[in-house]
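The first residue of the sequence shown is numbered 1, and numbering continues consecutively from there.
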Amino acid sequence: MSNFHLLLLILSVAVGNANIFRRRRYGDPVQKVMITDNESDELGLDEALVTFRNFNYTYPVMFYGQTTECEKCNLLLLSEVPVNMHNNVSVKLDTKYGYNIQINFTNGTVSYPVRCNITKYEFYEHGHYIFDVYQRTVQGSNECSIIKKKNPDHVWLPFVVGIVFVIVCIFLTQLLHRFYHSRYMDRLLSNVAYQRLINNDLGTPKQQRVSTSNLEIVNGSPTNEGATNTRDSDIFENTGTGQNRLSNNTMQFKKVLPKRLRGLDVFRGFSLMIMIFVNYGGEKQLWNGLTIADLVFPWFTWVMGVSIVLSQRSMRSKNVRKTRIFTKIVRRTIILFLLGLALQGRQGNGTLKELRIFGVLQRLALCYFFTAVLELLFDTYDIDARSPLSNSVDQPLSTELRAMLMYWPQWLFVLLITIAWLLITFLVDVPGCGRGYLGPGGRHRHGKFENCTGGASGYIDRYLLHPSHMYNDPTCKGVYDTKLAYDPEGILGTLTGILLCYLGVQAGHSFLHSTRVIRVCCHWIVSGIICGTIGLILSLGGQSDSWIPINKNLWSLSFVLVLASLAFVILTIFYLIVDVKTWFTGSPFLWLGMNSIVLYVGHDMFGRSFPVQFEVGESHAKKLAIHLWGVFFWTIAAGVLYYKKIFIAI
């Protein structure tokens, strides 16, 4: 792909379609609305109607509540119901979260709690609930009850149908692939090709026809004598009797590394498909913990690390100079960063004063640059050429392990980066926030750290970049009512991003130096277990109150290690079923993985435009259908590029 075409691509992103993708906003989960019973059918997505009633209390009753996601937050007043039972109050609640509810009654001067324990109660979409509170008549009895006046929708049914739809599509893709490569299709294609050859021969002047006397039969197939593959001399030896036999060189059993690790492309495409779906559909956003949407971007970063090793080793085997490889690294970094800026420039009003500097592609660019340069500086290709390493399956395991130890300078550099992240995160004294705060600010911890969103990470970004150049709608805003800008792809998280990318590099090293499938898989699985164990220990099994919580917004150390652990395991699975056993062709994930950056940019530019997306009714079934259509659209586009052999490398 020429520089001119790359420039056109960047300019088209910058000035292209104004119908851009924006993250879905979540407002306050509690919306107090005076509503009558017959209006419950007007509820929107992820909303339930709760009617609070004072059944027989002689004093006004106040209902306080807060979502379970809002950790250590003060309760909010949901409604105040007067003495008269018929003067009830209805409230719309967000059904994405559970609720903790506390009830008090007041005699005008003093407020008393009602003996009613409601914790982590789940309201479901489009349901209508009656929440009665009544005065105790029997010692120890409950003083409240929740009754379903209208049953909620089966919100999970459309998702089950969607999963079945995806599985059926994958099955049909595999079935068509098997049929296309079957002997029946080969016969059909051979007959068609033969008929075309006859037609072309009949329509060709006699003097231009190719004489078959210049063709010889090699291994049962006609080939042009002058165009014989040079590798044939390595495979066949002439016996002097006019016959060919296998060369002795082919009797050595060697592990031949493929030009591409097919399972890696499948993994990349699998991640991209999930990313497109969650970008369309939106999802419940957490500060600590994991959702499906939190998985795909880190996996992209990890996969990029594996690709760096395979790509550089391929170029080094072709005697490409290191200076030229470095030029390619710089070029790709600049292109990725400029593409990211162009996509960000299409948001907001498009002015430089409000241009968000960091984003997904920008972080990928920085992680790629530092990791690729690190791999290039401490490249072991020349050492490997002089070492006892070979492709023989009889190579001792100790030889492979010694080869892995040659990368200790890289590990030392990555370890220093990780230590730098730890020191900055926990020792920087943030004004008004102290040291080591990792929370979302706002209502968190009863508002004590209201202006401390993101701790040291957020403080560094706001100090160096200014809030106008940051993401001003963080995922924690709806739940914690944060006031400050916070960028989940900010500066500090790039350090742990480099660690994650280098863990992918480690997977690539294992693949290069291992000569048996079982050893490759063992290396990956053991690496995954080690990363996962350390990550879970740091987060105390995924708890928010831990040393280092699993946090995608911060790209915390535990988050990076847990995601790397999952990536090691998933790549092992894809490697076995795609590359080794060939049980799965990889389609349609392979199509997406071969042009992942181009498809990501295209989906970001035109993902909300017709015919990719269009307006449908407000229901989960309709929304799911249009979002699946969006995924299907980009999958078909990827398939067309794949079968046309159009692979755009950036």
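Contacts of Leu415 classified as side chain to side chain contact (heavy atoms under 4.5 Å, CB included), with partners at least two apart in sequence or in another chain: Ile419. The side-chain hydrogen bond (donor to acceptor under 3.5 Å, both in side chains) check on Ser596 picks up nothing, with sequence neighbours excluded. With sequence neighbours excluded, the residues forming a side chain to side chain contact (heavy atoms under 4.5 Å, CB included) with Val526 are Ile530, listed by chain and number. When the side-chain hydrogen bond (donor to acceptor under 3.5 Å, both in side chains) test is applied to Ser311, no partner is found at least two apart in sequence or on another chain. In this view, Trp421 satisfies the ring-ring contact (aromatic ring centres under 6.0 Å, His included) rule with no residue, not counting sequence neighbours. When the side chain to side chain contact (heavy atoms under 4.5 Å, CB included) test is applied to Val414, the partners found at least two apart in sequence or on another chain are Leu374, Thr418, Leu499, Tyr502. With sequence neighbours excluded, the residues forming a side-chain hydrogen bond (donor to acceptor under 3.5 Å, both in side chains) with Gln506 are Trp411, listed by chain and number. Residues forming a ring-ring contact (aromatic ring centres under 6.0 Å, His included) with Phe358 (at least two apart in sequence, or on another chain): none. Remark: Phe589 pairs with Phe270 by the ring-ring contact (aromatic ring centres under 6.0 Å, His included) rule, at least two apart or across chains. Judged as a side chain to side chain contact (heavy atoms under 4.5 Å, CB included), and not counting sequence neighbours, the contacts of Thr572 are Cys521, Trp524, Ile525, Leu576.
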Could you check Met304 against Leu364 for side-chain contact (heavy atoms from CB on, under 4.5 Å), going step by step and ending with a plain yes or no?
CA-CA 8 Å; Met304 185 171 60; Leu364 285 176; 3.9 Å; yes

Please report the C-alpha distance between Leu512 and Leu310 in whole Å, then the side-chain angles of each, then the deciding distance to 0.1 Å, and finally whether the side-chain contact (heavy atoms from CB on, under 4.5 Å) criterion is met.
CA-CA 8 Å; Leu512 283 181; Leu310 301 182; 4.1 Å; yes

Start with the C-alpha gap between Val640 and Ile646, add the side-chain angles, then the distance that decides, and say whether side-chain contact (heavy atoms from CB on, under 4.5 Å) holds.
CA-CA 8 Å; Val640 172; Ile646 301 175; over 6 Å; no

Derivation and outcome, side-chain contact (heavy atoms from CB on, under 4.5 Å), residues Leu571 and Phe511:
CA-CA 11 Å; Leu571 180 60; Phe511 179 75; over 6 Å; no

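Of the residues Tyr407, Phe378, Trp408, the one that meets the ring-ring contact (aromatic ring centres under 6.0 Å, His included) test with His509 is Tyr407.
Within 6.0 Å of the NZ atom in Lys623, the count of heavy atoms belonging to other residues, nucleotides or ligands exceeds 12. Within 6.0 Å of CZ on Phe370 lie no more than 12 heavy atoms contributed by other residues, nucleotides or ligands. Crowding of Ile518 atom CD1: a count of heavy atoms from other residues, nucleotides or ligands under 6.0 Å not exceeding 12.
The two residues Ala372 and Gln312 come nearest to each other via the heavy atoms O-NE2, 3.0 Å. Considering every non-hydrogen atom in both Arg363 and Gly490, the closest pair reads NH2-O, 2.7 Å. Of all non-hydrogen atoms in Phe267 and Ala567, the two that sit nearest each other are CE2-O, 3.8 Å. Contact record, Ala564 with Leu503: CB-CD1, 3.5 Å, taken as the closest heavy-atom pair. Scanning all heavy atoms of the two residues, the minimum distance from Asp579 to Gly263 falls at OD2-N, 2.8 Å. Nearest heavy-atom pair across Ile274 and Ile292 is CG2-CG2, 3.5 Å.
Under the 4.5 Å side-chain criterion, counting only non-hydrogen atoms from C-beta, Gln362 is not in contact with Thr494. Taking the side chain as every heavy atom from C-beta outward, Leu295 and Lys552 never approach each other to under 4.5 Å. Side-chain contact between Ile550 and Leu563 is absent, with no heavy-atom pair separated by less than 4.5 Å. Looking at Pro298 and Trp302, their side chains never come closer than 4.5 Å, going by heavy atoms from C-beta outward. At least one side-chain heavy atom of Phe647 sits under 4.5 Å from a side-chain heavy atom of Asn595. Looking at heavy atoms from C-beta onward, Leu500 lies in side-chain contact with Trp555 at the 4.5 angstrom threshold. When side chains are defined from C-beta on, Met315 counts as touching Lys328, because their heavy atoms get closer than 4.5 Å. Put simply, the side chain of Ile529 does not reach to within 4.5 Å of the side chain of Val569, judged on heavy atoms.
To the nearest 0.5 angstrom, Leu599 atom CG is 12.5 Å from Asp604 atom CG. The CZ atom of Arg516 sits 11.0 Å away from atom SG of Cys522, with the distance rounded to the nearest 0.5 Å. Taken from CG in Leu376 to OG1 in Thr323, the straight-line distance is 9.0 Å, to the nearest 0.5 Å. Separation of atoms CD1 (Ile170) and CG (Leu175) is listed at 13.5 Å; rounding is to 0.5 Å. In this structure, CG in Leu339 is found 8.5 Å from CD1 in Ile597, a value given to the nearest 0.5 Å. Of the inter-residue distances, the one linking Leu561 atom CG with Leu566 atom CG reads 11.5 Å to the nearest 0.5 angstrom.
The list of side chain to side chain donor-acceptor pair (under 3.5 Å) pairs with a residue in residues 556-569, not counting sequence neighbours, reads Ser556-Ser558. Counting only residues at least two apart or in different chains, side chain to side chain donor-acceptor pair (under 3.5 Å) contacts with residues 630-650 comprise Tyr280-Trp634.
With respect to the salt-bridge test (charged N to carboxylate O, under 4.0 angstrom), the residues Asp265 and Arg268 qualify.
Trp287 places no side-chain N or O within 3.5 Å of a backbone atom of Asn553 that could act as its donor or acceptor partner. A donor-acceptor pair under 3.5 Å is formed between the side chain of Asp294 and the backbone N or O of Thr291. At least one donor-acceptor pair closer than 3.5 Å links the side chain of Gln174 to the backbone N or O of Thr585.
Centroid-to-centroid, the aromatic rings of Tyr600 and His603 come within less than 6.0 Å.
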